[in-house]
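Notes for the one structure printed next.
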Amino acid sequence: MKQRHATATASALFALLPLSLLLFRLLVLLVRLRLAAFRDAALSLHFLARLRIRPVHLRLPGTDATTVRVWCPAAPSAKPPLLLLHGFGGDSKWTWARNLPALSRHFHVYAPDLLFFGAHSRSASPLRTVAFQARCAAEAMRLLGVDRYDVVGISYGGFVAYRLAAVEGRDRVPRVVVMTSGVAATPGEMREMAAREERAVEESLLPETADGLRRLVRRSMHRPPPWMPDFVLDDFIKLMCVVQRKERTELLHELLKNGAGIDPLPVLTQKTLILWGDKDQVFPLDLGHRLQRHLGDVSRLEIIKDAGHALQLEGADQVNRFIKSFLLDS
């Protein structure tokens with residue numbers, strides 16, 4: 001009798017096993033579908049609750065319905081204002097996630113989503129130039145009541161920061177930090193770099209598949225994550241690479257065609273810090289040396305060892321120290 005009861009119990013458990021596995025699989029799928037969105041929400045919560053940085057949506061003057069989202073302090077302070085401009089790898093939250101906690105202790109930080117990055121910074125304007133991005137960033141700061149500020153730009157954001165500093169001048173933008181940005185490359189050299197790609201440049205920098213994003217991460221980082229499963233990469237693509245993809249593709253083609261849009265490249269009068277990773281596979285270190293020679297005595301180049309193009313992630317601690325030292329000590 002006991003043996004028959006044990007057999008029946010075992011049979012019932014085995015019958016439930018497929019259902020349990022199915023429920024487990026559904027739970028895994030749910031987690032997979034929400035992973036990037038969860039990270040995005042966690043970053044927002046961290047910014048709001050711990051760093052006291054909030055998103056503000058600014059409607060810029062003009063008839064082209066331009067709106068810029070800026071992460072900025074929730075309350076005034078006596079800290080010096082600092083504008084952070086991100087690159088093509090993501091919006092401001094994802095780009096500066098490892099820098100904002102440290103920098104916000106010393107600076108009144110403003111981190112806009114550049115136009116056409118994410119879902120909030122939008123414009124009906126047909127312009128895709130670096131000059132337009134710089135003008136909108138400067139106008140956003142004016143609307144926020146910030147008349148004088150330093151600026152940090154990485155990669156594409158470095159082009160925008162350089163153009164903004166050149167136009168606004170030393171009275172409004174006294175110091176500049178350019179990180180791993182091909183500002184010193186001529187438009188012809190930019191096109192040559194794009195032509196050497198094995199695929200269309202938008203496929204390389206605006207990937208639509210997990211394999212494409214995996215290649216981009218491995219190229220951007222000297223020490224990429226060892227585990228990059230497709231479901232995580234696919235989720236990030238849905239979150240960050242789908243909305244306004246057409247407009248960002250146009251930004252990319254404009255950048256490759258005209259670079260910073262100033263020929264010849266002006267020599268900034270502001271003190272300028274140039275930061276570069278010695279393992280950068282996107283913009284070679286030679287461009288950092290060239291920019292330093294172009295700017296002369298007002299600039300200095302700092303090279304971070306064992307870091308690639310995603311310098312703000314791989315060399316975050318050193319980047320934060322260099323920025324703090326340069327902007328506060330000088």
Side-chain angles (χ1 to χ4, degrees), residues 25 27-44 86-99 113-114 116-119 154-158 179-182 190 192-253 255-256 275-285 287 304-317 319:
R25 185 180 179 188
L27 179 61
V28 170
L29 287 173
L30 178 62
V31 171
R32 287 176 174 180
L33 287 172
R34 301 298 301 166
L35 194 59
F38 177 82
R39 167 67 172 163
D40 193 69
L43 283 174
S44 295
H86 63 81
F88 263 90
D91 62 11
S92 55
K93 264 192 309 186
W94 286 75
T95 298
W96 303 112
R98 295 195 61 189
N99 312 101
D113 291 343
L114 294 175
F116 312 119
F117 289 84
I154 184 168
S155 194
Y156 177 68
M179 297 171 54
T180 186
S181 178
M190 294 286 288
E192 287 175 9
M193 283 189 278
R196 287 196 294 268
E197 298 290 328
E198 296 177 357
R199 53 189 55 83
V201 69
E202 61 267 23
E203 293 180 21
S204 298
L205 296 181
L206 299 170
E208 295 183 284
T209 66
D211 281 341
L213 182 53
R214 190 178 291 109
R215 282 192 299 269
L216 178 60
V217 172
R218 287 172 176 164
R219 184 175 181 182
S220 300
M221 303 184 75
H222 177 56
R223 301 180 303 276
W227 189 63
M228 291 184 282
D230 284 4
F231 72 85
V232 174
L233 300 176
D234 286 334
D235 197 32
F236 182 84
I237 288 169
K238 291 175 186 175
L239 180 71
M240 203 62 61
C241 304
V242 174
V243 177
Q244 302 195 96
R245 176 182 168 82
K246 173 180 175 292
E247 289 81 0
R248 269 180 287 168
T249 299
E250 293 166 352
L251 287 178
L252 185 55
H253 285 294
L255 180 68
L256 294 174
L275 297 178
W276 226 276
D278 67 338
K279 300 297 192 298
D280 195 325
Q281 298 182 63
V282 177
F283 289 125
L285 178 56
L287 289 175
I304 297 177
K305 288 181 61 64
D306 297 324
H309 190 67
L311 191 60
Q312 86 290 0
L313 298 177
E314 291 192 286
D317 291 341
V319 164

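Side chains are part of it too, since the values below use all heavy atoms of this structure and drop only hydrogens, waters and symmetry mates.
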Could you state the interatomic distance from [atom1] ([X]) to [atom2] ([Y]), rounded to the nearest 0.5 Å?
X      : Y      : atom1 : atom2 : answer
Ile304 : His222 : CD1   : NE2   : 13.0 Å
Leu213 : Asp234 : CG    : CG    : 8.5 Å
Asp278 : Leu285 : CG    : CG    : 7.5 Å
Phe88  : Ile154 : CZ    : CD1   : 13.5 Å
Leu233 : Arg215 : CG    : CZ    : 11.5 Å
Met221 : Asp280 : CE    : CG    : 12.0 Å

[X] to [Y] - nearest heavy-atom pair and separation:
X      : Y      : value
Leu216 : Pro207 : CD2-CD, 3.9 Å
Ala210 : Ile237 : N-CD1, 3.9 Å
Thr95  : Gly90  : OG1-O, 3.7 Å
Ser155 : Gly87  : CB-CA, 4.4 Å

Qualifying residue for side-chain hydrogen bond (donor to acceptor under 3.5 Å, both in side chains) with Glu250, from Arg248, His253, Lys246
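Exactly one option meets the side-chain hydrogen bond (donor to acceptor under 3.5 Å, both in side chains) with Glu250, and it is Lys246.
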Whether the side chain of [X] engages the backbone of [Y] through a donor-acceptor N/O pair (distance < 3.5 Å, no angle test) should be reported.
X      : Y      : value
Arg218 : Pro224 : no
Arg223 : Asp306 : yes
Gln244 : Gly118 : yes
Gln312 : Val319 : no
Arg98  : Glu314 : no

Aromatic rings Tyr156 and Phe117: how do their planes relate, parallel, tilted or perpendicular, breaks at 30° and 60°?
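Geometry flag for Phe117 against Tyr156: tilted rings.
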Does the pair Arg214/Asp211 count as a salt bridge with the N-to-O cut at 4.0 Å?
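Between Asp211 and Arg214 there is a salt bridge, with a charged N closer than 4.0 Å to a carboxylate O.
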Output all residues satisfying ring pair (Phe, Tyr, Trp, His ring centres under 6.0 Å) with Phe283, sequence neighbours left out; order by chain, then residue number.
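Checked Phe283 against ring pair (Phe, Tyr, Trp, His ring centres under 6.0 Å); matches are His309.
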Is any side-chain heavy atom of Thr180 closer than 4.5 Å to one of Leu275?
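Contact flag for Leu275/Thr180 side chains = no.
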Would you please name every residue forming a side chain to side chain contact (heavy atoms under 4.5 Å, CB included) with Leu43, sequence neighbours left out?
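If we apply the side chain to side chain contact (heavy atoms under 4.5 Å, CB included) test to Leu43, skipping adjacent residues, the hits are Arg39, Lys93, Trp94, Ala97.
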